[in-house]
Amino acid sequence: MALLTLSSPHAHGPNATSRIMLTVALATLPGLAVMTWFFGPGTLINVILAGLTAVVCEALVLKARKYPVGFFLKDNTALVTGVLLGLALPPLAPWWITVIATAFAIIFAKQIYGGMGNNPFNPAMIGYALVLVSFPVQMTTNWAVSFQMSGSEVAGLTDTLRAIFAGSADVADVYTGATPLDDYKHLISKETSDELLTRATFNGWLNGGWEWMNLAFLAGGVFLMLKRIITWHIPVSMLAALTLCSLVFGWDHDLYTPTWLHLFSGATMLGAFFIATDPVSASTTPKGKLIYGAGIGILLFVIRTWGAYPDAVAFAVLLMNFAAPFIDAYTQPRTYGHSKARRGLKTGK
């Protein structure tokens with residue numbers, strides 16, 4: 001008798017996909033609130049714009065495929081993709097950057113593979129990588145500086161809207177700057193670590209609001225673990241691998257980025273708890289999750305230290321997405337009724 005094969009994720013009862021995705025979106029609110037407080041309303045506008053774009057694109061594709069639009073939209077997966085992209089993109093990025101990234105994520109990285117549960121790569125990171133490679137200037141020069149870094153107020157709602165939708169250069173010049181990871185990577189060859197940390201970008205051992213943003217996403221991630229939406233394996237192994245690599249290879253702070261800056265700057269905690277743990281494109285076995293997370297942490301350190309990009313969450317996650325099926329094939333646990341685990345890519349007995 002033929003069996004019906006359904007794609008992941010499989011959820012029952014109170015853990016329906018729509019409820020899980022909504023919980024994930026709600027868990028990002030502390031991070032979003034902190035980003036809005038320190039860096040202005042740009043990220044909030046990005047999240048709203050990306051969320052609307054994701055829902056509209058999903059609806060249009062579903063309509064074209066003659067699928068029931070309402071039934072699939074209510075799973076909230078498109079909304080979460082938009083939220084994650086809105087959080088990852090520069091706060092003062094032009095509006096069309098957000099629209100292009102989100103539309104590509106939904107149409108090409110998700111729906112072209114068959115929709116929810118069938119995409120081999122993280123849709124949000126595909127969209128982010130596309131605009132980062134295609135529009136490097138807009139993606140690297142529109143990071144808002146916090147009031148701690150600038151010593152003055154952040155961009156208000158009117159100035160932010162002008163920068164995003166009108167491309168106002170005078171607003172962008174006043175309120176944008178390099179991220180702490182970018183500053184440290186490119187300036188450490190000219191100054192010592194002690195001299196560099198006196199800059200307003202770092203505010204001593206703090207880093208201009210980025211540490212609070214990462215702590216907020218860490219709190220949201222712990223909440224997801226307590227709700228059993230995600231497990232500890234991927235985020236803990238990713239952060240442990242990143243920390244270990246930094247301690248072993250980057251111990252000289254006059255040459256390499258310090259461990260604390262790796263952990264509490266950029267998109268580290270957002271990546272560890274909300275992006276790397278994507279249930280569709282990530283590894284699914286317990287051992288596989290540990291290997292998968294560690295691989296992301298190692299790649300994150302390598303690209304940040306010797307690569308061209310100061311932050312590398314998107315590339316690290318996408319590279320490990322390639323490896324996830326292979327990892328799962330060789331880390332399957334022993335199933336009930338069998339003396340040993342079935343490993344490898346063999347078919348049949």
Taking it one step at a time, do Thr81 and Glu58 satisfy side-chain contact (heavy atoms from CB on, under 4.5 Å)?
CA-CA 11 Å; Thr81 298; Glu58 180 109 323; over 6 Å; no

Does the ring center of [X] lie less than 6.0 Å from the ring center of [Y]?
| X | Y | answer |
| --- | --- | --- |
| Tyr309 | Phe315 | yes |
| Phe39 | Trp210 | yes |
| Phe301 | Trp306 | yes |

Side-chain donor-acceptor contact under 3.5 Å, [X] with [Y]:
| X | Y | answer |
| --- | --- | --- |
| Thr231 | Lys289 | yes |
| Thr331 | Thr285 | yes |
| Arg304 | Thr268 | yes |

Which atom pair, heavy atoms only, marks the closest approach of [X] to [Y]?
| X | Y | result |
| --- | --- | --- |
| Pro91 | Thr43 | CG-OG1, 3.6 Å |
| Ala276 | Ala282 | O-CB, 3.4 Å |
| Gly86 | Ala50 | N-CB, 4.1 Å |
| Ala54 | Ala78 | CB-O, 3.2 Å |
| Leu157 | Pro41 | CA-CG, 3.9 Å |
| Ala241 | Gly297 | CB-CA, 4.2 Å |

Between [X] (side chain only) and [Y] (backbone N and O only), is there a donor and an acceptor less than 3.5 Å apart?
| X | Y | value |
| --- | --- | --- |
| Asn321 | Phe121 | no |
| Lys227 | Thr23 | no |
| Thr28 | Ala25 | yes |
| Glu195 | Thr192 | yes |
| Ser265 | His262 | no |
| Asn214 | Met269 | yes |
| Asp75 | Ser18 | no |
| Asp182 | Pro310 | no |
| Asn119 | Gln111 | no |
| Ser246 | Leu242 | no |

When you look at Asn46 and Ile164, which way does the side-chain contact (heavy atoms from CB on, under 4.5 Å) test go after all the steps?
CA-CA 9 Å; Asn46 279 351; Ile164 293 175; 4.3 Å; yes

Going only through I, L, V, M, F, W and Y residues with side-chain contacts under 4.5 Å, is there a path from [X] to [Y]?
| X | Y | value |
| --- | --- | --- |
| Phe135 | Leu132 | yes |
| Leu218 | Met225 | yes |
| Trp37 | Trp212 | yes |
| Trp232 | Met320 | yes |
| Val83 | Phe72 | no |

Do the side chains of [Y] and [X] get nearer than 4.5 Å, heavy atoms only?
| X | Y | value |
| --- | --- | --- |
| Ile107 | Ile112 | no |
| Ile126 | Phe108 | no |
| Pro235 | Thr277 | yes |
| Phe217 | Phe274 | yes |
| Leu261 | Tyr184 | yes |
| Phe322 | Pro120 | no |
| Tyr330 | Lys287 | no |
| Asp311 | Thr179 | no |

Around atom [atom1] of [X], are there more than 12 heavy atoms of other residues, nucleotides or ligands at under 6.0 Å?
| X | atom1 | value |
| --- | --- | --- |
| Phe165 | CZ | yes |
| Trp251 | CH2 | no |
| Tyr67 | OH | no |

Let me confirm one number: the [atom1]-[atom2] distance from [X] to [Y], rounded to the nearest 0.5 Å.
| X | Y | atom1 | atom2 | value |
| --- | --- | --- | --- | --- |
| Asp278 | Asn122 | CG | CG | 4.5 Å |
| Ile296 | Leu300 | CD1 | CG | 9.0 Å |
| Leu26 | Met21 | CG | CE | 12.0 Å |
| Phe326 | Ile291 | CZ | CD1 | 10.0 Å |
| Thr98 | Leu85 | OG1 | CG | 8.0 Å |
| Trp95 | Ile97 | CH2 | CD1 | 10.5 Å |

Apply side-chain contact (heavy atoms from CB on, under 4.5 Å) to residues Leu270 and Leu84 and explain how you reach the verdict.
CA-CA 9 Å; Leu270 175 65; Leu84 294 179; 4.3 Å; yes

Apply the test side-chain contact (heavy atoms from CB on, under 4.5 Å) to residues Trp260 and Thr243: give CA-CA distance (whole Å), side-chain angles for both, the deciding distance (0.1 Å), then the verdict.
CA-CA 9 Å; Trp260 60 267; Thr243 301; over 6 Å; no

